[in-house]
Amino acid sequence: MDKHELQDAVEDLHAKYQPLRDGQVATYIPELGKADPDQFAISLVTASGRTFEAGDCERPFTIQSISKPFTFGMALETYGHSKVARHVGVEPSGDAFNAINLQQGTNRPHNPMINSGAITITALLHACHGDETFDRMLERFSVAAGRSLSVDDAVYESERRTGHRNRAIAHLLLNFGMVHEQAEHALDVYFRQCAILVTCRDLAVMGATLANMGRNPLTGDTAFEIGSVRSMLAIMFTCGMYDYSGEWAYRVGVPAKSGVSGGVVAVVNRQLGVATFSPRLDARGNSHRGIEVCSELAARFGLHAFDCLNAGSSFLELVL
Ligand code: DON
């Protein structure tokens with residue numbers, strides 16, 4: 001593998017999937033409906049900080065659900081695994097990301113990658129950090145991305161005004177004592193965390209930070225402890241693509257997370273962060289082009305965790 005081969009592959013994939021027009025831009029958060037459906041970017045950052053890109057990798061969009069593995073990592077570092085596990089499980093739900101249901105018996109959300117689990121994680125962080133919670137998130141996400149991130153206030157307001165389903169989930173959690181009394185405050189932080197602005201390149205750097213065991217390869221700053229990264233990647237592998245997670249693990253075979261604004265981040269352990277941005281989504285809320293690009297990239301370069309050729313290790317040449 002040399003760097004020209006990888007840059008050529010990224011450009012080829014961008015040209016190949018640019019004409020794909022399947023899917024719809026999310027509109028249930030009204031402000032997201034204003035996105036240009038033709039936007040398309042691919043960014044790869046190796047665990048040594050080399051970047052390979054095509055398309056408009058500097059155009060900002062809101063992170064949405066891709067915030068979830070990162071807040072999960074923060075909760076693990078604040079409370080430890082056993083306390084977090086009392087509030088949120090680690091099983092794929094098989095349901096849509098915004099399903100209003102909890103695990104039978106325990107009344108926990110199935111996992112931290114769906115809305116109910118992520119709201120619970122944010123409530124846990126809010127119980128510890130109160131009014132500082134959001135600033136701490138923004139700071140940690142910024143370390144992972146290697147630059148100071150900010151919030152899209154219009155998207156935040158739009159979801160705050162219309163997020164009745166998430167409000168119902170928060171109140172169901174409150175009913176079962178899974179979140180503290182200030183559920184509305186926690187929900188407000190959750191809406192804000194979803195409205196953090198990132199670019200496709202930022203997401204690839206955040207992915208590369210996880211690939212590099214929690215240390216941002218561009219700045220050398222540590223964003224997450226190595227033990228949390230293990231848990232973040234494991235949950236992304238099993239639950240990151242919602243009710244498509246099983247098929248994704250089978251077909252693509254790397255930990256990943258998608259968001260309704262059209263981002264996808266995928267992590268090749270110890271080697272590479274991959275990000276795509278394209279706002280047209282399939283019925284499950286995953287970016288159509290994102291799925292196609294990641295599948296083809298994985299097949300072409302043997303990135304699947306269980307690829308018998310294990311060609312993914314060829315990226316190590318670029319990493320070292
Ligand atoms: O809570 C919501 O519905 C959004 N703020 C985030 C959902 C999301 O990104 C799911 N992704 N596919």
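First listed ligand is number 1; within each ligand, the first listed atom is number 1. Note that these values count all heavy atoms, side chains included, but never hydrogens, waters or copies made by symmetry.
Counting non-hydrogen atoms of other residues, nucleotides and ligands closer than 6.0 Å to CD of Glu157 gives a total above 12. By the 6.0 Å contact criterion, CZ on Arg230 is open, its count of non-hydrogen atoms from other residues, nucleotides or ligands being 12 or less. Remark: His14 NE2 is packed, more than 12 non-hydrogen atoms of other residues, nucleotides or ligands lying under 6.0 Å away.
A cation-pi arrangement is absent between Arg59 and Phe277 under the rule of less than 6.0 angstrom and at most 45 degrees off the ring axis.
Using a non-hydrogen distance threshold of 4.0 Å, Asn98 does not register as a contact of ligand 1. At least one heavy atom of Tyr190 sits closer than 4.0 Å to an atom of ligand 1.
Under 4.0 angstrom from ligand 1, the non-hydrogen atoms of Val260 come from both its backbone and its side chain.
Of the N or O atoms in Asn166, one or more lie within a sub-3.5 Å distance of an N or O in ligand 1. For ligand 1, the polar-atom distance check finds an N/O of Ser65 within less than 3.5 Å of one of the ligand's N/O atoms. The distance criterion of under 3.5 Å between nitrogen or oxygen atoms is met by Gly285 with respect to ligand 1. Between Ile29 and ligand 1, no N or O atom pair is found at a separation short of 3.5 Å. Distances between N or O atoms of Arg284 and those of ligand 1 include no value under 3.5 Å.
Taking all atoms of both residues into account, the shortest heavy-atom contact from Ser295 to Val252 is OG-CG2, 3.5 Å. Thr199 and Phe61 get closest at one heavy-atom pair: C-CE2, 3.7 Å.
In this structure, of Met241, Glu159, Arg165, Gln64, the residue bringing a heavy atom nearest to atom 2 (C) of ligand 1 is Glu159.
Near Cys194, meaning under 4.0 Å from one of its heavy atoms, ligand 1 places the atoms 5 (N). The atoms of ligand 1 that sit less than 4.0 Å from any heavy atom of Tyr242 are 8 (C), 10 (C), 11 (N), 12 (N).
For atom 3 (O) of ligand 1, the closest heavy atom belonging to the protein is Tyr28 OH, 2.5 Å.
Not a single side chain to side chain donor-acceptor pair (under 3.5 Å) links Asn175 to another residue, sequence neighbours left out.
The existence of a salt bridge linking Asp38 and Arg21 is confirmed by a sub-4.0 Å separation between a basic side-chain nitrogen and an acidic carboxylate oxygen.
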